[in-house]
Amino acid sequence: MEERKLTEEERYQLEVGGYLILPGVLTSAELTACNQALERLGPLEGPMRWSAPAGAPLLALRHHPVLTGYLEQICGKFHIDESPRLLGVGAEANGTALSGGGEPLDWSRAYGERQESLTRAVRVVWALADAAEGDGGLVVVPASHTSTVEPPRDLVSGADDMGLVRQPALRAGDLMIHAASLLTGLRPWRGQGPQRLLSCGYVSTSMRPSAESEIRGEEDGDEEWRASLTPEQRALVHNPNRPYPPPVVMSDGERAWLEEEGGVHHPSIYTRDESSGIDEKEFYHWDLCGHLVLKGVMDAEWLAAANEAVDAHANPNPGKGGSAAGHSKRLAGTGGHRSSLGNPWKLPAPHGEPFQRMIADPALVQRLNWIMGSGYEAMLCTSFLFGKGSSGHLLHAGGGPPRVSAHYRQQNGRVYAEFLNVAWQLRDVTAADGGFVCIPGSHKTRYRAPDCVLTCDDELGLVRHVEAKAGDVVLFLASAQTHGAYPWTGEQDRRAIFFQYRSRSFYAP
């Protein structure tokens with residue numbers, strides 16, 4: 001079998017989204033053998049440790065040559081850390097909460113692109129039967145593998161998917177590889193036939209095995225010395241076979257004692273500030289994706305005044321204008337007209353007033369303060385007035401090479417951004433209309449997006465269209481998040497008023 005290499009596109013997918021789907025890895029013969037083995041073995045729940053010959057085809061998947069080739073490129077030297085198990089059976093039949101990442105951070109399973117490898121721990125999922133989108137089963141939160149913000153409880157429990165949860169479509173024979181820190185969970189199975197997704201975990205050989213691992217170290221044979229130690233001392237002396245969760249040794253500075261229940265004790269000097277005025281779901285969405293939609297900021301009267309001003313002052317026939325689609329086929333459009341309205345905030349009264357009102361709107365300022373910190377300035381006010389058939393815009397910004405203007409960071413509960421775009425929607429935008437698109441999570445990547453993604457000719461499952469209603473406001477990271485636009489296909493012209501804010505850190509002549 002010819003060795004399959006991790007491509008530039010796959011590396012970018014894993015970096016931004018946190019998972020890869022390799023189509024058709026298993027042959028029809030391998031699929032048949034695996035499914036026949038499952039039929040012979042009968043109902044299976046929990047980690048599987050099959051013996052040959054009954055489970056031989058399933059055991060062989062642990063070391064499939066395509067899988068091991070990818071693992072070597074992603075993890076370096078590795079071993080199995082979680083035994084194979086079928087997802088969605090037994091206690092999982094009704095679904096599970098999301099898990100992965102989280103606090104306190106487990107650096108041995110965290111994602112971090114390094115020169116020698118991408119991450120230290122991954123999970124893989126073999127699709128032994130089709131799992132179409134909408135069938136239920138495995139779900140993920142793309143880009144969550146690099147999030148440093150605790151996910152909201154409603155998201156984890158499934159009470160509110162916040163528009164972030166995705167169910168990857170898998171065909172029988174596909175292999176999915178995802179970072180161990182990616183938020184994943186299960187939804188009740190609604191597909192035809194049994195759900196047959198086989199999961200297994202792998203970790204770098206330099207990392208401590210998990211509770212589920214079959215790998216264990218050897219005792220040092222010096223039990224007489226250990227017997228003389230106190231329980232607290234024994235808990236802290238290296239033991240390759242210590243239980244998981246690990247023992248917790250507490251101290252008040254005067255004495256130390258062993259907690260009865262294991263777990264992780266990792267104190268923080270910081271506590272959540274309930275008076276900050278920050279909505280935890282907005283904070284998580286912003287840090288995860290790099291954009292945010294504020295619903296219903298403009299009322300009907302304000303909207304009417306803004307649209308009236310556009311009707312009165314927009315140049316109705318400036319020509320088709322240049323295309324920003326470049327060489328993209330997907331974004332080319334069919335040549336729709338474009339109107340122009342420069343500096344709408346400078347229009348004479350009363351027509352400038354609805355746009356001047358946007359500059360320091362309280363709902364916007366509240367978000368700008370926690371996104372940028374005070375001292376920012378509105379640098380630009382213009383408009384997007386595109387007719388049906390207008391071309392889209394090549395995706396741009398984000399990734400390498402690193403620039404100060406593209407800086408984004410979350411540290412100690414504060415987010416830092418240097419440039420922010422704000423688009424006030426004067427008309428509804430549906431998925432069928434086109435318009436603004438972005439790559440959630442791309443504000444944290446260090447890779448330039450592959451050309452096929454920038455053109456949207458092959459989106460690699462990463463590009464997301466953002467729907468909005470008239471009166472909504474879309475905020476997105478101007479230079480950090482990779483963004484662009486689909487061609488406009490709506491019957492009504494696209495109407496958005498566009499502002500750019502620059503942080504206190506930058507000077508503009």
Side-chain angles (χ1 to χ4, degrees), residues 160-164 279 281-282 285-286 289-316 320-321 324-325 330-331 333-341 344-345 347 351 353-359 361-364 367 381-393 395 420-440 456 459 463-476 478 481 483-500:
D160 182 2
D161 70 8
M162 297 175 56
L164 300 175
D279 182 279
K281 291 184 180 179
E282 286 188 351
H285 192 289
W286 177 259
C289 298
H291 71 275
L292 199 62
V293 180
L294 310 183
K295 299 289 187 180
V297 178
M298 301 176 72
D299 60 24
E301 183 179 355
W302 187 0
L303 268 171
N307 278 300
E308 181 181 336
V310 172
D311 291 336
H313 293 278
N315 183 344
K320 295 182 179 179
R330 170 71 177 85
L331 305 178
T334 57
H337 69 275
R338 298 188 180 193
S339 301
S340 64
L341 179 63
W345 55 4
L347 292 176
H351 288 151
E353 293 173 0
F355 310 112
Q356 295 163 10
R357 185 176 170 184
M358 296 172 178
I359 298 171
D361 176 78
L364 175 62
R367 276 72 175 196
C381 176
T382 186
S383 61
F384 293 145
L385 309 173
F386 298 160
K388 183 176 181 179
S390 295
S391 67
H393 198 302
L395 273 63
L420 198 70
N421 287 346
V422 179
W424 294 76
Q425 308 300 311
L426 302 189
R427 284 180 172 159
D428 291 353
V429 181
T430 70
D433 294 326
F436 178 71
V437 297
C438 61
I439 299 180
C456 291
E459 299 179 358
V463 179
R464 296 285 179 263
H465 177 269
V466 177
E467 292 189 313
K469 293 285 188 182
D472 292 351
V473 184
V474 179
L475 285 66
F476 59 101
Q481 187 196 54
H483 62 275
Y486 284 153
W488 186 254
T489 58
E491 293 299 327
Q492 284 192 313
D493 290 1
R494 179 187 180 194
R495 284 190 175 182
I497 305 301
F498 179 81
F499 284 76
Q500 185 173 82

| Test log, rule salt bridge (charged side-chain N to carboxylate O under 4.0 Å, His left out), inputs D428 and R495 | CA-CA 9 Å; D428 291 353; R495 284 190 175 182; over 6 Å; no
Set of residues satisfying side chain to side chain contact (heavy atoms under 4.5 Å, CB included) with respect to [X], sequence neighbours excluded:
X: A432; value: T430
X: A305; value: P354
X: H351; value: E308, A309, A312, H313, L347
X: Q492; value: R427

In Å and rounded to the nearest 0.5 Å, what is the [atom1] to [atom2] distance from [X] to [Y]?
X: F498; Y: F384; atom1: CZ; atom2: CZ; value: 5.0 Å
X: W424; Y: R357; atom1: CH2; atom2: CZ; value: 8.5 Å
X: D433; Y: F386; atom1: CG; atom2: CZ; value: 14.0 Å
X: R494; Y: T489; atom1: CZ; atom2: OG1; value: 11.5 Å
X: M358; Y: C381; atom1: CE; atom2: SG; value: 7.5 Å
X: I359; Y: L364; atom1: CD1; atom2: CG; value: 10.5 Å

With side chains defined as the heavy atoms from C-beta onward, is the minimum distance between [X] and [Y] less than 4.5 Å?
X: I497; Y: P344; result: yes
X: H483; Y: L395; result: no
X: F476; Y: V466; result: no
X: P487; Y: S390; result: no
X: S391; Y: R338; result: yes
X: V422; Y: V474; result: no

Using every non-hydrogen atom in the two residues, find where [X] and [Y] come nearest and quote the distance to one decimal.
X: A324; Y: H393; result: CB-CD2, 3.4 Å
X: L331; Y: A325; result: O-CB, 3.3 Å
X: K388; Y: G490; result: CB-O, 3.3 Å
X: A468; Y: Q425; result: CB-CG, 3.8 Å

| Do the ring centers of W345 and F499 come within less than 6.0 Å of each other? |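 Distance test on ring centres: under 6.0 Å, yes.
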Donor-acceptor list for residues 291-299 side chains, cut-off 3.5 Å, not counting sequence neighbours:
{"unit_1": "H291", "atom_1": "ND1", "unit_2": "Q481", "atom_2": "NE2", "d": "3.3"}
{"unit_1": "D299", "atom_1": "OD1", "unit_2": "E301", "atom_2": "N", "d": "3.3"}
{"unit_1": "D299", "atom_1": "OD1", "unit_2": "W302", "atom_2": "N", "d": "2.8"}

| said: Under a 4.0 Å threshold between the charged nitrogen and the carboxylate oxygen, would R367 count as salt-bridged to D279? | reply: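 Result for this pair is no, no salt bridge flagged.
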| request: Could I get the full list of side-chain hydrogen bond (donor to acceptor under 3.5 Å, both in side chains) partners for K469, not counting sequence neighbours? | output: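 K469 satisfies side-chain hydrogen bond (donor to acceptor under 3.5 Å, both in side chains) with no other residue.
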| Ignoring hydrogens and geometry, is there a side-chain-to-backbone donor-acceptor pair from H465 to G434 under 3.5 Å? |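 Side chain of H465 to backbone of G434, a donor-acceptor pair under 3.5 Å: yes, one is there.
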| query | Think R330 forms a cation-pi with Y486, using NZ or CZ under 6.0 Å from the six-ring centre and within 45 degrees of its axis? | reply |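 That pair qualifies as a cation-pi contact.
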| request: Would you kindly say whether Q500 and N421 are connected by a side-chain donor-acceptor distance under 3.5 Å? | output: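 Yes.
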| query | Among N315, D493, L341, which one satisfies side chain to side chain contact (heavy atoms under 4.5 Å, CB included) with L385? | reply |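 Going through the options one by one, the only one that passes is L341.
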